[in-house]
Amino acid sequence: MMSSSRHLSSSWLRQLLPVLLKLCLTFAGPLRPLNGSECTAKGPASYIVVFTGHWSPQAFPKQYPLFRPPAQWSKLIAVSHNRHFRLWEEGSPASEGVQNFAELGVTVELMKAAKDARRRRSVGAMYRTAGIPNGIGHSSTELLVQPRSSLLSVLVKMIPSPDWFVGVDSLNLCEGNQWKQDVTIDLQPFDAGTDSGFTFSSPNFPTSPQENITKITSQMPNHPANSFYYPRLKELPPIASIKLTRQSRSLHRQVPMSNHILPNSFSPQRFSVTPLDCEVSLWSSWGLCLGPCSKGGVRHRTRYILLPPANTGVPCPEMEEQAECVPHSCMKRQ
């Protein structure tokens, strides 16, 4: 009886193991890379990465921040990683690290998360460049990318802003067994979804509940007070760009490039010019009628300029209007 019981137990386990294995594989799913196939390059690649700000008053004239503080860019955060790590993602909630960076420019939580992922071999390396004190300018550095962490993510905060940033999410620099030679990406602003401010200089107003990271467009958020609201444009001009150029020199002598120093091959693009139409307030109520009551009087109403035109935008209309009014509403001059 004991022998028969052990035989049945062993047979049952042999039948159960394949079923358990199949279930595990089904729920786990295939491990797919984020952007294309796994990198099978034989060695690492060195890249010069140049961040260029195109945030000019010509391209973005509406509420362009001139002081306290003027338009500028934070330090650049770049992380090389594999498909098991995500620095940020459009359509997903911002992490605590991304929130603190997008709102305050603080990098402590971001770097801690990247270092923790590095210990799990999900992150290869982390890089930072100095900030840019103007809306137009450059920062650059050299980075070394390994085949096991061929994805690159970048974040740069817009200053001033409620929680707006530009960046790159999981750009794959490797195709099969080949490293890409040159990559240029135009960047658009993103809203981290943690602060509800509409303008560059809005006070802190936390979004509750937190929203997902979304791209800011010329018509979204659809509100005239929005600093990026340009209803005449189908899309915003690039507010910044990233250019990556692979280096052929020795990888053993990696010397970071100085901020604002550009490779000779780099030629900055021409800035866009965005027309900005005049915006005016609603009319005030009509004033009292003045003039001889026997002949009727004249009444006035006014409005004021909310936003002056720029870059050949539609000019402002008349700010004052008058009309004749009925005699019984007249007020005699003293």
> Stepwise, does the side-chain contact (heavy atoms from CB on, under 4.5 Å) test hold for Leu151 with Leu171?
CA-CA 5 Å; Leu151 306 181; Leu171 170 67; over 6 Å; no
> Who else is in the cluster with Val106 when I, L, V, M, F, W and Y are joined by side-chain contacts under 4.5 Å?
Leu104, Val108
> Any salt bridge between Glu318 and Arg303, counting N to O under 4.0 Å?
no
> Report the distance from atom CD1 of Ile242 to atom OG1 of Thr184, rounding to the nearest 0.5 Å.
10.0 Å
> Nearest 0.5 angstrom please: Ser149 OG to His84 NE2, how far?
12.0 Å
> Same cluster or not: are Ile132 and Val49 linked, directly or through other Ile, Leu, Val, Met, Phe, Trp or Tyr residues, by side-chain heavy atoms under 4.5 angstrom apart?
yes
> What closest approach, in Å, do Ser140 and Thr129 show between heavy atoms, and which atom pair accounts for it?
O-CG2, 3.8 Å
> Mind jotting down which residue pairs meet the side chain to side chain donor-acceptor pair (under 3.5 Å) criterion with at least one end in residues 62-74? Sequence neighbours excluded, please.
Gln63-Ser227
> Among all residues two or more places apart in sequence or in another chain, which pass the side-chain hydrogen bond (donor to acceptor under 3.5 Å, both in side chains) test with Asn134?
none
> Report yes if the distance between the aromatic ring centroids of Phe200 and Phe60 is under 6.0 Å, otherwise no.
no
> Answer with yes or no whether the hydrophobic clustering places Phe51 together with Ile185; edges join I, L, V, M, F, W, Y residues whose side-chain heavy atoms lie under 4.5 Å apart.
yes
> Among side-chain atoms of Asp186 and Ser241, is any donor-acceptor pair under 3.5 angstrom?
no
> List the residues meeting side-chain hydrogen bond (donor to acceptor under 3.5 Å, both in side chains) with Gln178, not counting sequence neighbours, and say none if there are none.
none
> Please walk me through it: do His223 and Phe198 pass ring-ring contact (aromatic ring centres under 6.0 Å, His included)?
CA-CA 8 Å; His223 195 289; Phe198 265 134; 4.6 Å; yes
> Enumerate the side chain to side chain donor-acceptor pair (under 3.5 Å) contacts for residues 197-208, please, sequence neighbours excluded, ordered by first and then second residue.
Ser196-Thr207, Thr199-Ser202
> Are Leu187 and Ile159 connected in a single hydrophobic cluster, I mean Ile/Leu/Val/Met/Phe/Trp/Tyr linked by side-chain heavy atoms less than 4.5 Å apart?
no
> If you look at every heavy atom in Met126 and Val123, which pair is closest and at what distance?
CG-CG1, 4.3 Å
> Other than Met319, which residues form its hydrophobic cluster under the rule that side-chain heavy atoms must be closer than 4.5 Å?
Val280, Ile305
> Might you point out which heavy atoms bring Ser218 and Leu236 nearest each other, and give the distance in Å?
N-CG, 3.7 Å
> Tyr47: what forms a ring pair (Phe, Tyr, Trp, His ring centres under 6.0 Å) with it, not counting sequence neighbours?
none
> Can we say Arg86 and Glu89 salt-bridge, meaning some charged N sits less than 4.0 Å from an Asp/Glu carboxylate O?
yes
> Take Val79 and Leu152 through the test side-chain contact (heavy atoms from CB on, under 4.5 Å) and record every step on the way to the result.
CA-CA 6 Å; Val79 179; Leu152 181 69; 6.0 Å; no
> Please walk me through it: do Thr217 and Phe228 pass side-chain contact (heavy atoms from CB on, under 4.5 Å)?
CA-CA 7 Å; Thr217 70; Phe228 285 110; over 6 Å; no
> What about Tyr230 and Ile216, same hydrophobic cluster or not, with Ile/Leu/Val/Met/Phe/Trp/Tyr joined at side-chain heavy-atom distances under 4.5 Å?
yes
> Please write out which residues are connected to Phe205 in a hydrophobic cluster, directly or through intermediates, given that two of Ile, Leu, Val, Met, Phe, Trp, Tyr count as joined at side-chain heavy-atom separations below 4.5 angstrom.
none
> Quick one: list whatever passes side chain to side chain contact (heavy atoms under 4.5 Å, CB included) with Glu320, sequence neighbours left out.
His300, Thr302
> Only pairs at least two apart or in different chains count here, so list each salt bridge (Lys or Arg N to Asp or Glu O under 4.0 Å) that has a residue in residues 150-167.
none
> Around atom NZ of Lys180, are there more than 12 heavy atoms from other residues, nucleotides or ligands closer than 6.0 Å?
yes
> Under 4.5 Å between side-chain heavy atoms, hopping through other hydrophobics if needed: is there a path connecting Leu66 to Trp55?
yes
> Decide whether Ser80 and Gln146 meet the rule of one side-chain donor and one side-chain acceptor closer than 3.5 Å.
no
> Side chains of Thr214 and Glu90: is there a donor and an acceptor less than 3.5 Å apart?
no
> Go through the side-chain N and O atoms of Thr52 and His138 and say whether any donor and acceptor fall under 3.5 Å apart.
yes
> How would you list, by chain and number, every residue that makes a side-chain hydrogen bond (donor to acceptor under 3.5 Å, both in side chains) with Ser284, sequence neighbours excluded?
none
> Go through the steps for Gln188 and Ile239 under the test side-chain contact (heavy atoms from CB on, under 4.5 Å), then give the verdict.
CA-CA 6 Å; Gln188 301 290 346; Ile239 199 167; 5.6 Å; no
> I'd like to check the side-chain hydrogen bond (donor to acceptor under 3.5 Å, both in side chains) partners of Ser122; sequence neighbours left out, ordered by chain and number.
none
> Between Phe101 and Trp88 (judged by ring centroids, cut-off 6.0 Å), do the two rings come close enough to count as a pair?
no
> Determine, for Asp116 against Arg120, whether the closest basic-nitrogen to carboxylate-oxygen distance falls under 4.0 angstrom.
no
